Amino acid sequence: MPLMPMRPILDHAAEHGYGLPAFNITNLETLLAVMRAAERTDSPVIVQASQSARKYADDMLLVAMVKAAAERFPTIPLCLHQDHGSSPEVCKSAMDLGFTSVMMDGSLEADGKSPASYEYNVDVTRRTVEMAHARGVSVEGEIGVLGSLETGGGEQEDGHGLEGTLSREELLTDPQQAVDFVKATGVDALAVAIGTSHGAYKFSRRPEGDLLAMDVIAAIHERLPHTHLVMHGASTVPEALQDLINASGGEMAKTYGVPLEEIERSIAMGVRKVNIDTDLRMALTGSAREYLKANPSSFDIRGMHKNGLARMEALCAERFERFGAAGHGARLSNRMASTTSTPSKAAVPA
Ligand code: G3H
Ligand code: 13P
Ligand code: ZN
């Protein structure tokens with residue numbers, strides 16, 4: 001089955017009340033772990049590549065690898081999404097390569113750092129939607145500023161975003177502005193800011209009601225019941241992986257991610273796409289540390305990644321199960337197969 005756009009996957013998730021984990025991939029190991037977990041749990045897949053992942057892995061090779069995964073796992077509905085595209089040009093280059101979905105992140109300027117004006121965001125996102133929909137590619141937009149309500153914004157490590165302190169109002173998505181934005185741009189999915197941030201250092205204590213603005217999700221979903229909501233920064237940062245890293249020479253400070261129960265609650269409120277990168281990074285590098293510590297004379301790359309692959313696969317499978325996506329892969333691919341004779345807006349790009 002060829003790569004498919006994100007819209008029909010999220011429509012199916014909305015119809016059946018489940019959520020899709022969207023895993024960031026960087027290399028063969030991350031992709032393979034996701035695909036094996038999806039095969040094991042019969043789940044549809046969204047894999048996404050950031051601009052830095054495209055640069056690291058050579059995007060032509062990365063796309064070829066994902067297309068090969070579609071051939072290797074022919075019954076799994078598979079979408080390749082550009083994560084945090086910083087301009088319409090970046091999104092176009094992704095579409096030209098064969099990405100079937102793009103995120104135009106106009107919440108930040110093209111430098112990916114400075115907060116952008118609402119007008120700028122509407123302009124770049126609307127232009128991207130025009131271009132993408134003409135090719136059957138789906139578009140995710142973002143409104144609000146990703147950042148922790150605890151620290152007042154900012155991304156401490158390997159994420160991007162703002163330094164400094166922002167107020168609750170400045171960080172969170174304004175529900176009425178979300179309505180205006182969707183109307184003005186025509187996006188298929190909308191990333192909303194509810195207090196999560198990228199990277200491992202999200203919260204210094206388990207986030208309860210004051211740190212995750214679930215009420216904002218509910219308010220947006222009530223006003224936009226047909227727009228698929230996206231939660232970024234949704235890694236759980238498992239304590240077991242922090243311990244694994246620290247037991248093998250790592251020095252991670254104690255930290256808390258987004259609890260799985262809160263993600264489940266958000267899915268019940270209309271979140272359909274849940275972005276996960278950090279958890280996979282921790283599983284792979286923690287396992288590599290453990291192997292190299294136990295085998296100091298080894299230089300076996302496959303040995304180094306074997307447990308990491310298994311840990312990432314188990315983590316992905318758990319997310320597919322807990323978000324309710326498990327068991328929907330074959331159903332969705334059967335539906336897609338029966339509708340391929342009547343191409344629609346959501347058709348696969350040439
Ligand atoms: O958007 C955040 C993701 O974790 C991507 O991070 O730009 O280091 O690949 P990256
Ligand atoms: P995490 O850093 O929580 O995994 O978030 C990833 C993300 O939002 C990618 O866009
Ligand atoms: Zn993100």
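Predicted, not measured: the structure shown is a model, and the values here were computed from it. When a ligand or atom number is given, it counts from 1 through the structure's own listing order. The chain is numbered in sequence order, starting from 1.
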Just grab all the side chain to side chain donor-acceptor pair (under 3.5 Å) pairs involving residues 295-305, residues at least two apart or on different chains.
Y291-S298
Pair [X] + [Y], salt bridge at N-O below 4.0 Å:
X	Y	answer
E130	R126	yes
D279	R319	yes
E290	K293	no
K92	D96	yes
E150	K202	no

Which residues pass the side-chain contact (heavy atoms from CB on, under 4.5 Å) test with A116, sequence neighbours left out?
E109, Y120
Do F99 and H81 make the cut of ring centroids closer than 6.0 angstrom?
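Ring-ring flag for F99/H81: false, centres at least 6.0 Å apart.
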Proximal ligand 1 atoms for D277, defined as those under 4.0 Å from one of its heavy atoms
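The list of qualifying atoms is 3 (C), 4 (O), 5 (C), 6 (O).
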At a 4.0 Å threshold, what atoms of ligand 1 neighbour a non-hydrogen atom of S52?
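Here the atoms of ligand 1 in question are 7 (O), 8 (O), 9 (O), 10 (P).
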Taking non-hydrogen atoms only, is N275 closer than 4.0 angstrom to ligand 1 via side chain, backbone, both or neither?
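Neither part.
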Taking non-hydrogen atoms only, is [X] closer than 4.0 angstrom to ligand 2 via side chain, backbone, both or neither?
X	value
A200	neither
N24	side chain
T278	both

Quick one: which of K55, H84, R281 has a heavy atom closest to atom 6 (O) of ligand 1?
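Heavy atom nearest to atom 6 (O) of ligand 1 belongs to R281.
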Option set A22, G233, A191, criterion heavy-atom distance to atom 8 (O) of ligand 2, minimum
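Nearest heavy atom to atom 8 (O) of ligand 2 lies in G233.
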Can you tell me which N/O/S atom of H232 has the shortest distance to the Zn ion (ligand 3)?
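Result for H232 and the Zn ion (ligand 3): ND1.
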Interfacing atoms of ligand 2 (cut-off 4.0 Å, heavy-atom, A234):
3 (O), 5 (O)
Numbering the atoms of ligand 2 from 1, which are under 4.0 Å from a heavy atom of H84?
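That gives atoms 10 (O) of ligand 2.
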Within-shell test, K202 vs ligand 2, heavy atom, strictly < 4.0 Å
yes
May I ask you to check whether D279 has an N/O atom sitting below 3.5 Å from an N/O atom of ligand 2?
no
